[in-house]
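Below, read A as the first sequence line, B as the second, and so on, with proteins coming before strands; counting in each chain starts at 1.
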Amino acid sequence: MNSTSFLILAYVVAIGLLWGFALLTWLRWRHLNH
Amino acid sequence: MQPSNIQTSRSIKTRVYWGVTIALFAAVMAMLIVYTPVEKQMGPVQKIFYLHLPVAINTFVAALVVFIASVGYLWQRQLWWDDLAAAAGKVAVLFCAVVLLTGMIWGRSAWGMWWTWSPRLTFSLVLFLLYVVYLLIRPSIDSPQRRAVVCAVYGIVAFLDVPLVYLSVKLMPDIHPSSITLEPAMKHTLLAWFAPITLLMAGLINANYRLNRRLGAVQEAQPPAAAPQRAIPSQPILAARAGGLS
């Protein structure tokens, strides 16, 4: 893997975790309100 | 103002908040690709830094919120402090996981290894594990008051690791860089990244806090579990018993 591949991997992992958690929180909130 | 109007106003504010956060996130991603120069020594992988540092600082902020909410609960004994601490604890774990993973990927490229037991990395892992344990002990205590007291004491003690993570690189020899010289364009990018990451952290704590409050209200509204009813013996059994006794 080259430098660019590591960079893309890091951003995919980070954005996936951060926004995945945000989406999960929103889904739980929606489930609780319906 | 009517309750339905308050709810609509809050819903609009929430949508605007998350809209701004997503827009800023997209903007700083574009800035990273188009505007930010590539560092000469390390190459493109150095750009992990613009995400890594703001997420690390916001991990400390989330841990600080756990600490303040824990002190608040022990002071006032109101359960909303505990709900806030629980929400911030979750966000601290998430952000610390992102810090560790992005750091590991950077380390693999820069140092040729995924992990090394340097002081800062070790204290960061300890911080992650401390808050994972914080989240694990919560559901194991049934009484909300007892859970709040235990978690508040734990939340205060766990925060002691935050200054250790920060100071470890300054006080002990460490492979982790303690300061980096940046060109003006790199500084602008770093400062810009703090905006969406901080908004995301605050938004996630707020959303999880409201979720915890709502779950608490739903649990309080539920009737207490009915006592198990004693089984009524059926007629043939009674008849058999009567027959046996006669």
Side-chain angles (χ1 to χ4, degrees), chain A, chain B residues 7 11 14 18 21-22 25-26 29 32-33 38-39 41-52 54-55 58 87 90-91 93-110 114 196-197 199-201 203-215 217-218:
Chain A
M1 277 173 90
N2 62 18
S3 187
T4 308
S5 306
F6 280 117
L7 175 69
I8 293 166
L9 177 67
Y11 274 87
V12 167
V13 167
I15 290 167
L17 277 172
L18 293 173
W19 288 103
F21 182 76
L23 185 68
L24 208 66
T25 306
W26 178 69
L27 287 173
R28 279 187 74 198
W29 179 255
R30 216 176 64 140
H31 174 74
L32 207 66
N33 283 302
H34 287 86
Chain B
Q7 207 168 2
S11 174
T14 307
W18 285 105
T21 308
I22 291 168
F25 218 98
M29 281 299 291
L32 191 81
I33 296 163
V38 174
E39 211 263 346
Q41 267 192 326
M42 277 189 280
V45 79
Q46 183 270 343
K47 288 188 178 184
I48 291 177
F49 173 72
Y50 305 112
L51 174 79
H52 181 79
V55 175
N58 278 289
K90 247 185 224 175
V91 174
V93 166
L94 173 75
F95 274 54
C96 200
V98 172
V99 173
L100 288 171
L101 288 170
T102 52
M104 282 168 74
I105 294 166
W106 184 84
R108 179 66 184 84
S109 178
W114 293 102
I197 297 294
L199 283 176
L200 184 63
M201 184 272 302
L204 286 176
I205 291 179
N206 181 44
N208 277 278
Y209 166 69
R210 282 168 63 186
L211 198 64
N212 289 346
R213 295 299 293 161
R214 190 65 192 258
L215 281 169
V218 168

Q) chain A heavy atoms under 4.5 Å from Met42(B): which part of the residue, side chain, backbone, both or neither? A) backbone
Q. With only heavy atoms counted, which part of Trp18(B) is less than 4.5 Å from chain A, the side chain, the backbone, both or neither?
A. side chain
Q. Of the non-hydrogen atoms in Ile33(B) and Lys47(B), which two are nearest, and what is the gap between them?
A. O-NZ, 4.3 Å
Q.
Filter on side-chain hydrogen bond (donor to acceptor under 3.5 Å, both in side chains), then keep only pairs touching residues 13-23 of chain A, sequence neighbours left out; what's left?
A. none
**Q.** Which portion of Ile8(A) sits near chain B, non-hydrogen atoms under 4.5 angstrom
**A.** neither
Q) Which distance, rounded to the nearest 0.5 Å, do you find between the NZ of Lys90(B) and the CG of Leu204(B)? A) 10.5 Å
Q) Looking at Val98(B), Thr102(B), Ile105(B), which one has more heavy-atom pairs under 4.5 Å with chain A than the rest? A) Ile105(B)
Q | Largest heavy-atom contact set with chain A, pairs under 4.5 Å, which of Val99(B), Leu32(B), Ile48(B), Val91(B) | A | Ile48(B)
Q. Any side-chain heavy atom of Ile205(B) sitting closer than 4.5 Å to one from Arg210(B)?
A. no
Q.
Under a 4.5 Å cutoff for heavy-atom pairs, which residue among Val13(A), Leu17(A), Thr25(A) has the most contacts with chain B?
A. Thr25(A)
**Q.** Cation-pi check, Arg30(A) onto Trp26(A) ring (under 6.0 Å, within 45° of axis)
**A.** yes
Q: Against chain A, work out which of Gly103(B), Ser109(B), Gly43(B) has the most heavy-atom pairs shorter than 4.5 Å and name it.
A: Ser109(B)
**Q.** Approximate separation, where rounding is to 0.5 Å, of Met104(B) CE and Leu9(A) CG
**A.** 10.5 Å
Q: For Arg108(B), enumerate each residue passing the side-chain contact (heavy atoms from CB on, under 4.5 Å) test, keeping only those at least two apart in sequence or located in another chain.
A: Phe6(A), Trp114(B)
Q) Relative to chain A, which segment of Leu51(B) carries a heavy atom at a distance below 4.5 Å: side chain, backbone, both, or neither? A) both
Q. Which atoms of Leu211(B) come close to chain A, meaning under 4.5 Å heavy atom to heavy atom: side chain ones, backbone ones, both, or neither?
A. both
